[in-house]
Amino acid sequence: MRHLSRFTLAALAAGLALPGLAQAGADKLDALYGKLSQPAYIKHYEADKNGKVLINPYLQVATKEFHATLDPKSAPYNWVIDAQGRLSIIQEAAHPLGRTYEKGFFRPEDKSKRKPGTTENYGHVSALAGAPGRISGEILYDKATKTFTINNKSGRYTKHNTDRTPEQLANAARLIMDSVDLVKATWGPVYYLLEYSPEAIQEELEKSPKLAYDDPVKKSRPHIIVAPAGDGSEAKPKVKAKKQKAAHNDDPS
Amino acid sequence: MNLNAIVSHSRLALAGALIALVALPVAARQTPAKPTATKQAAAKPAKNLLVETDPINVDGTVNIVIVVPAGKGAKFEVEGKARLAAEARKPAAGQVPTFSYAAVPHTTLAKDKGGDGKAADAIVLGATASAGAVVKGRVLGILVFAGAAEGDRKLIVAAEGSPFYGCRNIADLDAKFPGEAAKAQTFFTSYKGKAAITAAAPEDRPAAIKFLGDAILDFEKTFYTEADKRPLDKDGNPSLYPWPGAKNLGE
């Protein structure tokens, strides 16, 4: 009876403590990778007739124990941190419900004119089937340096969120580097793009001595480097590399 | 949805229903199925599992439809297009697979890429489910074969909840369960009784992810038609799509 009472008390204590522990876990993930956020939008082709957002067929969900593998031949990739703090990685692929616009088209999400030949591809939301996510971005391959670079470019889960900070990108990059095996490549720098940052952080970083541009004359793609390349170098490639191929036809997905 | 795509994939898709309704009792008697009985079963399938099951889950696992449960001596083949037939073969001694054999929903091994036009096959380690069941698992790699009429690549999947589920890839499988992949290879290279099929070295998880993704895309390219797409406006541009789970903001 005494044992039973102890067991009952232990079970009761565990029952009371578990929700608190779960909340503490969620709070920790919120701090590390940003709060869970619904996607900013779903494009017209990303959900089927029943409203189901199709999952990218090349999805890899990586943890420190179960790694994903990235191959330059399949780059570029998109990444998202999910509710449980797992890393979801997808590669670019034409969406079966999307189209290729031979004459270009007007994209309603950002009211921009897209160039001829643009294809509608799987975007970030296809990594989570449209579910809420944390910070996200791209993993691009740089041919000149044979490195993969990481950034925070996502119009769905990064932009429009007030808590997507450089520190969170650095945390996510650490998780990515710990959970991914690279094929014939190393890690390059991690770029925090101001265009996808919260307004307050953007204003602050515009005054930072760390602020850099892809092209300083044109002031294109303002960013700061939040983690150096795998070899420890902060500097960008010495050889002026061609602009890395952005995911999703340069689409802020 | 493209009816041809559905029909062309109905062979294995209907396997669960067929086996449950027809093939298992037939196998118990170890006599060939009667075509008329099979026709009746095929005419009213409860559900086309290979069409109505999602291939991938958000946790990165794959869903597969069990066609031959582990330990069953007979291999059930579902053949024909409009007419479906199930055949139960009596296996030779020692040819009872220790793994389950499965098909991957929403996949096509495209003929123009050297495939047979059917769904991708998988061997499932650690699955205890019966035929027709949908099992969740982690893709570890691919077994590669050549010769005869067999599909030449079969995914290796570790069933969720089984000891194999802790394996990361082929190398990890070989380390934790020595000989398990080789046993499956040997089964396929020997079960027909002749050296008609030969095995190459298994390919690892990255190759399997690509193989699976390509097969899903090849299926979906024919499965979805223009009629499934949301219409464009009069100028040929897409429209905003309000989705209940999104904030529905612009850029």
Side-chain angles (χ1 to χ4, degrees), chain A residues 37-49 51-62 65-71 74 82 84 86 88 91 93-99 101 103 105-112 120 125 127-132 155-156 159-160 181 183 252, chain B residues 1-2 54-62 104 106-107 138-140 165-169 172 204-233 235-251:
Chain A
S37 170
Q38 291 174 299
Y41 54 91
I42 301 290
K43 290 179 185 169
H44 69 104
Y45 62 88
E46 292 178 314
D48 69 9
K49 278 185 169 174
K52 181 176 74 177
V53 175
L54 300 192
I55 296 176
N56 185 300
Y58 300 97
L59 172 67
Q60 298 186 70
V61 179
E65 192 180 358
F66 292 96
H67 286 196
T69 303
L70 304 190
D71 190 328
S74 300
D82 74 4
Q84 288 82 36
R86 293 175 303 201
S88 298
Q91 71 184 58
H95 199 289
L97 289 168
R99 298 175 173 90
Y101 297 83
K103 295 178 181 174
F105 69 99
F106 180 78
R107 193 170 62 192
E109 286 82 11
D110 63 353
K111 299 179 176 56
S112 67
E120 289 171 325
V125 293
L128 303 181
R156 316 300 183 94
K159 205 169 182 178
H160 308 294
D181 299 321
V183 176
Chain B
M1 292 176 190
N2 188 329
D54 288 330
I56 305 258
N57 304 303
V58 286
D59 62 2
T61 55
V62 61
V104 189
H106 267 237
T107 58
R138 174 178 292 118
V139 172
L140 303 180
Y165 196 65
C167 297
R168 299 180 181 94
N169 48 36
D172 202 24
D204 221 334
R205 185 175 151 81
I209 297 286
K210 183 178 185 319
F211 174 75
L212 177 62
D214 289 351
I216 294 171
L217 275 189
D218 283 335
F219 175 89
E220 294 187 336
K221 273 190 273 184
T222 55
F223 181 68
Y224 293 112
T225 66
E226 281 300 312
D228 293 308
K229 298 178 182 179
R230 293 194 168 78
L232 302 176
D233 68 16
D235 300 318
N237 296 312
S239 305
L240 283 171
Y241 169 61
W243 192 69
K247 294 175 184 170
N248 298 314
L249 306 173
E251 272 296 313

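Excluded from the calculations below are hydrogen atoms, water molecules and symmetry mates; all remaining heavy atoms, backbone and side chain alike, are included. Reminder, nothing fancy here: chain letters follow the sequence lines and each chain counts from 1.
- Residue A/Lys159 holds its NZ atom at 11.0 Å from CG of B/Leu249, rounded to the nearest 0.5 Å.
- Within the model, atoms OG1 of B/Thr225 and CG of A/Leu97 stand 9.0 Å from one another, a figure rounded to the nearest 0.5 Å.
- In this structure, chain B has heavy atoms under 4.5 Å from both the backbone and the side chain of A/Ile42.
- Side-chain contact between B/Asp214 and A/Tyr58 is present, with heavy atoms from C-beta onward closer than 4.5 Å.
- Across all their heavy atoms, B/Val58 and A/Ala129 have their closest contact at CG1-CB, 3.6 Å.
- Neither the backbone nor the side chain of A/Ala68 comes within less than 4.5 Å of any heavy atom in chain B.
- A distance of 6.0 Å separates CD in B/Glu220 from CG in A/Leu54, rounded to the nearest 0.5 Å.
- Residue B/Leu217 comes nearest to A/Pro96 through the heavy atom pair CD2-CD, 4.5 Å, listed as atom of the first residue, atom of the second, then distance.
- Side-chain atoms of A/Arg107 do not come within 3.5 Å of backbone N or O of B/Asn237 as any donor-acceptor pair.
- The backbone N or O of A/Gly98 sits less than 3.5 Å from a side-chain atom of B/Lys229, completing a donor-acceptor pair.
- Contacts between B/Pro238 and chain A at a heavy-atom distance below 4.5 Å involve backbone atoms as well as side-chain atoms.
- Without hydrogens or angle criteria, B/Lys247 side chain to A/Ser37 main chain gives no donor-acceptor distance under 3.5 Å.
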(request) Under the side-chain contact (heavy atoms from CB on, under 4.5 Å) rule, what do A/Asp71 and B/Lys210 come out as? Steps first, then yes or no, please. (result) CA-CA 11 Å; A/Asp71 190 328; B/Lys210 183 178 185 319; over 6 Å; no

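- Taking both residues in full, the closest heavy atoms of B/Gly60 and A/Val61 are given as N-CG2, 3.4 Å, listed atom of the first, atom of the second, then distance.
- Of the two parts of A/Ala62, neither the backbone nor the side chain holds a non-hydrogen atom closer than 4.5 Å to a non-hydrogen atom of chain B.
- The line from CG of A/Asn56 to CD1 of B/Ile56 is 8.5 Å long, rounded to the nearest 0.5 Å.
- Taken to the nearest 0.5 Å, the NZ atom of A/Lys103 stands 12.0 Å off from the CG atom of B/Asp235.
- At a 4.5 Å heavy-atom cutoff, A/Leu70 makes no contact with chain B through either its backbone or its side chain.
- Proximity to chain B (any heavy atom under 4.5 Å) is restricted, for A/His67, to the backbone atoms N, CA, C and O.
- Between A/Lys49 and B/Asp228, the shortest heavy-atom contact is CE-CA, 3.7 Å.
- Closest approach of A/Phe66 and B/Arg138 over heavy atoms only: CE2-NH1, 3.3 Å.
- Taking the side chain as every heavy atom from C-beta outward, B/Trp243 and A/Val53 approach each other to under 4.5 Å.
- Here the CG-OG1 distance, from B/Asp204 to A/Thr69, works out to 8.0 Å after rounding to the nearest 0.5 Å.
- Considering every non-hydrogen atom in both B/Asn57 and A/Ile55, the closest pair reads C-CD1, 3.9 Å.
- Heavy atoms of A/Gln84 lying under 4.5 Å from chain B are absent altogether.
- The residues A/Lys52 and B/Asp54 are annotated as salt-bridged, a charged nitrogen and a carboxylate oxygen being separated by less than 4.0 angstrom.
- Of the listed residues (A/Ala47, A/Pro132, A/Gly51), the one with the most heavy-atom contacts under 4.5 Å to chain B is A/Ala47.
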- Task: List the steps, then state whether side-chain contact (heavy atoms from CB on, under 4.5 Å) holds for A/Glu46 with B/Arg230.
- Result: CA-CA 10 Å; A/Glu46 292 178 314; B/Arg230 293 194 168 78; over 6 Å; no

